[in-house]
Amino acid sequence: MNSDGTSSTSGATGSGDSATPRRNSKRPKYSKFTQQELPACKPILTPGWVISSFLLVCIVFIPIGLASLFASRSVVEIVDRYETACIPGGFRKDKVKYIQSDSNKTCRRNLTVNKDMKPPIYVYYQLDNFYQNHRRYVKSRSDPQLKSKSKENETNDCKPEATINGKAILPCGLIAWSLFNDTYSFSRSSQKLQVNKKDISWKSDREHKFGKDVFPKNFQNRTVKGGATLNASIPLSQQEDLIVWMRTAALPTFRKLYGKIEVELKKGDVIQVTLENNYNTYSFNGKKKLVLSTTKWIGGKNDFIGIAYLTVGGLCFLLAMSFTIIYYVKPRRLGDPTYLSWNRNPGGGANN
Amino acid sequence: MKRFVYINDDDQSHDLYCDNRISNRKYTVLNFLPKNLWEQFSRFMNQYFLLIACLQLWPLITPVNPASTWGPLLFIFAVSATKEAWDDYNRYVSDKKANEKQVWVVKKGVKKHIRAQDIHVGNLVWLRENDEVPCDLVLIGTSEPQGLCHIETSALDGETDLKTRVIASACAGIELELLHKIKGVIECPPPDKDIRRFDANMRLFPPFLDNDVCPLTIKNTILQSCYLRNTEWVCGVAIYAGNETKLGMSRGVPEPKLTAMDAMIDKLTGAIFVFQVVVVIVLGVAGNVWKDMEARKQWYVQYPNEGPWYELLVIPLRFELLCSIMIPISIKVSLDLVKSLYAKFIDWDQEMMDTKTGTPSHAANTAISEDLGQVEYILTDKTGTLTENKMIFKRCCISGTFYGNETGDALKDVKLLNAVSGGSSDVIRFLTVMSICNTVIPVQSKNGVLSYKAQSQDEEALVRAASQLHMVFVKKNASILEINFNASLLQYELLDTLEFTSDRKKMSIVVRDCQSGKIFLLSKGADEAILPCACTGQQIRTFTEAVEQYAQMGLRTLCVAWRELPEDEYREWSLTFKEANSTLVDREWRVSEVCQRLEVGLEILGVAAIEDRLQDGVPETIETLRKAGINFWMLTGDKQNTAIQIALSCNFVSPEPKGQLLLINGKTEDEVCRSLERVLLTMRITNSEPKDVAFVIDGWALEIALKHHRKAFTELSILSRTAICCRVTPSQKAQLVGILKSCDYRTLAIGDGGNDVRMIQQADIGVGISGREGLQAARAADYSIGKFRFLKRLILVHGRYSYNRTAFLSQYSFYKSLLICFIQIFFSFVSGVSGSSLFNSVSLMAYNVFYTSIPVLVSVLDKDLSERTVMQHPQILFYCQAGRLLNPSTFAGWFGRALFHAIVVFLITIHAYANEKSEIEEVSMVALSGCIWLQAFVVAIETNSFTILQHLAIWGNLLGFYVINWIISSVPAAGMYTIMFRLCGQPSYWITMFLIVVCGMGPVIALKYFRYTYRSSKINILQQAERLGGPILSLGSIETQQRSLERELSALSISQPKSRSPVYEPLLLDSPSALRRSFGPGPHTDFRTRNYKDN
């Protein structure tokens, strides 16, 4: 605006000479960018391009799908749902009362191995209908408190499990409070199978998220106990069950690592599981499962990716085929100017 | 409320009226912050974001860190405020410059040099030649003996001719020395903006004549921003000052312009907002129900049995915050950014630079480029906009001899030069009439250079031409006219002037030859007006032929005639003329009747032909833009016939058989009404035919039509694609723009003079031509260009690209926000409808601000079609005009795409990352990277032309996403420590990404391909033709050929004047059969030459 004003006055006085250098300086700079003339590649969706890319996708997808499916299928997995089975017959009607009682909740299960399982064999517990991602739950933790001793009173986010009698709970919050407390022990032909509970959590968590000098304090001191209690003499960085539990799950159905069995299980082996059925999933009809699984490059047993790849590959093939057929049955010349309606009106018709 | 101005009274009037300080500022330093904030918050979007940001301060409901909203919000506000402040500062600087100009003012009886802003109402202001008038003045003294002065009012009304003003009659004869001491009072109306009216009285105090109240009219005033010309000095009393002057009152605050696109985006935002509210209510209710049914059983959540009173609100509000990202906060910033880049592209464009003067185009308003692509009506000024505003005498025909042929103009024709030097009496008489039969004032500057000041450019051209033929009009001294012919001085005494009126279409003067004492009547005028007055016996056939032939060339013709008057006839007539001139009733009619009596039996001397050159490329530009579906209205202060002439010659209206001109005229309400209805009827009938119908209306009829028949006129405006409005005032121009705007048309006003300023400000888009009439229009306009022909490029290239780009960018912004929001919503279904967020604060903010904003910004370089293709097929602009690329249905497409992609991302993520992998941070990053991958491919698939920058932005951004996340993942304190490294190490992560991309893009590409090939839009066809190198180029050339053929046909048919339809306005000074003047390619010129030879 400013420069316009000055140039207008010089124009009015008619001093053309003084205006000339100014004008030259206003001359736009020439570059391909300013003139919007950068060299550009302008792809268009030609039939050949589209059909061949769909075919290419199909060619890539089917092998990957097969490989994934094969990998997933070769994972050996034993799943045992025990939450109902472990309730003694008399308590079946009121499971909640049973679980809240002080009676002995030991339960024995037998698992049969269908296929050879190579170590390491991962032991998971699986919970269904458990909302670790609930908003009240997922936020109810204090990371600074877990990390360093000096911040043990930072419990603002932990309500309603923040303090007891004015003293900070450590680890505070609903997540820690509801720590899963079923325990499993395995034996094969009355020979105990060692479950390795070391290194089941993320290394980064042990080293950077849970402090080595932070010890549980005032934990589970309330009358209503949520889940497991913690040994107050072991620092949090070694409480691996807690660390695993504190990695909240995104979905209401999730598995968490319990431990690893580091011996091979043969086909036909019967494994006796002695479990302490302590955790209350009965108030919300949650399922509890014990899972033994090997692992492959794709992870655990999950057919989804393999099936999805095969389906998509197949669909791409179908699409490519149908586009080809349509292309030959109903060819349409690309960029035919006669399709432009204004070339079809009587005035412009003469040029055809 | 009258105002009383006490002349030269230093005490009384100081406090009463404002001083001459001009202020266009919007803010002051103090009120800037509150006022600016208030203005920003009057926008719905901003209120919304503020509300969201405030809600986020409540930790109970906020899903993410409040900084993720406050940061961007404050940034946006700071940017807008800075921009406003900068603009206002510039206004302040330019005001200051005007305010601090030095003027001579009488203070306490002494003439002093003071700043313009210190002038007070009642002060005596002295001005010298070529001074700009600082405020509205009543004249009380001039240097000229008759009390006259000449002013140029182009800044006010755009008329470049000089106007005469006289001093108040009461002040006539006051000595120069006494003017200082003059005292008196002026009673005048309160300030208004009517520049044609000023009804006031003046009474001088003793010792000056005190006997009477002296009436003042607009004739006695000179208004602010006029220039004093040809007058040594004047002295006047300031009556209105500062922002209260006529100009200041009509300046008006230009309203900020909102583009149609912005309005559409606002509308869509509103729709999204409604959708969001629905989602929030549904999810809120569902959440509360789930809470009561399920969550209370989930003991680990520890829902208290008794919540606070607002408990029911908590979940809906959480969802409100969760869904608030549905309306992208980044859209405003992105749009502002790309809009300023569009403006820069206009500034930078070399092809829109006037190479002669070196003026580049300039976009002063950076916010409305998209509107250029949606223009439906162009309202254009004529003089200086379409034409170069340079009249040049080209040819003449004197007593049957044609001078000047196709090789050169008449001034260089040897035959004519010989005739002049040979002293052919016909030629000399012809030249005499040319040089003195006019109202031109010759001005001799100090160094002896002669220049002419004329009310009409035609007259100036004639006088100039005559002087080049050695008939130099030297001096006009009271009533003595002096001409210098071949070194001999001829003197004529001007006895009477029979003035030009648009009814008479001719003007005459009566002069006495001082040598011989004989009295002559000299006339010039339109052929229809002069030729019938020829004396009996004179053959006028050659002259009609000449007129016909010149008109064919697009020249304006003037017939020149004279007659010797017997002394007694003149004396007798002179008495009746004086009497007629002093009548009070029907004076104009009486005078013209008396004139008619004298203008008979004329001897026709010849025909002069003048060219008002059209600017280069005007006809082509108008034709192209009309093909693009843009309607043209010409609004000019000029005479009707001139306007029609120009309209014909620049393709504005097609010549006769195809086009038809309907005239609306009349002096009274009834006449106008009847005429309007007749035109409307014709218009309705012909509307179905492929005929070019245009209506012509003059200022007077327009005034009546607008006042009394607004509805009918509005209907007419809708029906008519073309209109010519002549003799219209600046405010009428603005009113016409208003009418079109009220019918929801996008209007573009283009002009070059001060009289176009209001129209330019009123229109959706104002374009100013930095031309001969100064830079006023250019400064008021949103865009200024050097030449009319750049308009084509401005609209078809810049407007269209801007529209396309913004259409993509805005819809894409919604798409990406909806995408992530839908995922959040889906996640709430698996998280107990509790309103937890899948994504963390950092990711959410970065998603909106970085990951998805950068690739889309390079869409400002996207070109769907090359500039050349667009120029060849201007019809393609229809897609922009009709808003085909951004409307609820295209938006629904993007909405659907967002929904589909959200489903794809969410389902694949939760299935691929189920069971032991379902750690929330990992799942969230998988979903987020799915979104990023998809959006990169969406941008890629929607990009029509990839330059290196696009590739960099799209793929570089994708890489950038990983780099940023790796960096964040390596910070132990961050929530997502090591997550990205873990994911990138898993084959299943990459397999999942691949799956998401193919599932998301496959159907999109398939659908796009199908539509592209089998349901292709015109844009697609042209794209295909362009890229495959089809026959598109040859097509263009065929079209031009065919067009020229058409023109040939039409030219033939209009050469018969008999075929005029009854409503066709007979053209006066200029002939209706005028063909457009060609500056264009060869064929037309060839044809015209052929035609000429036939004649």
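Numbers restart at 1 for each chain; the letters A, B, ... are given by sequence-line order, proteins then strands.
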May I ask you to name which of [options] has the most heavy-atom pairs under 4.5 Å with chain B?
options	result
A:I175, A:V291, A:N280	A:N280
A:Y122, A:F323, A:W49, A:Y327	A:F323
A:A40, A:S140, A:S68	A:A40
A:Q132, A:H134, A:E207	A:H134
A:L315, A:T46, A:T281, A:L251	A:L251

#### Entry: Short side-chain to backbone donor-acceptor contact, A:Y309 and B:I991, under 3.5 Å
yes

### Task
State plainly whether the residues B:E1026 and A:K42 are in salt-bridge range, i.e. N to O under 4.0 Å.
yes

Counting only heavy atoms closer than 4.5 Å, note whether [X] contacts chain B via side chain, backbone, both or neither.
X	value
A:F61	side chain
A:F54	side chain
A:F284	both
A:P252	both
A:P47	both
A:Y279	side chain
A:Y124	side chain
A:T311	neither
A:D157	neither
A:I64	side chain
A:L319	side chain
A:V60	side chain
A:K147	neither
A:K139	side chain

### Query
For A:E161 and B:Q302, what are the C-alpha separation, side-chain angles and deciding distance, and is it a side chain to side chain donor-acceptor pair (under 3.5 Å)?
CA-CA 9 Å; A:E161 283 295 326; B:Q302 285 195 3; 3.0 Å; yes

Note, [X] side chain near [Y] side chain (heavy atom, < 4.5 Å):
X	Y	value
B:E916	A:F254	no
A:Y137	B:Q298	no
B:T992	A:I305	yes
B:Y913	A:N302	no

Contact part of [X] toward chain A, heavy-atom cut-off under 4.5 Å: side chain, backbone, both or neither?
X	result
B:I315	neither
B:T978	side chain
B:W290	side chain
B:N915	both
B:Y89	neither
B:K1008	both
B:E922	side chain
B:L995	both
B:I979	side chain
B:R318	side chain
B:E921	side chain
B:V923	side chain
B:F827	side chain

### Task
Would you name the heavy atoms of B:Y1009 and A:V50 that are closest together and state the gap between them?
CD1-CG2, 3.4 Å

### Message
Quick one, A:F304 with B:I908, criterion side-chain contact (heavy atoms from CB on, under 4.5 Å). Give me CA distance, side-chain angles, the key distance, then yes/no.
### Response
CA-CA 9 Å; A:F304 171 78; B:I908 291 180; 4.2 Å; yes

### Task
May I ask you to check whether B:W299 and A:Y282 place their ring centres under 6.0 Å from each other?
no

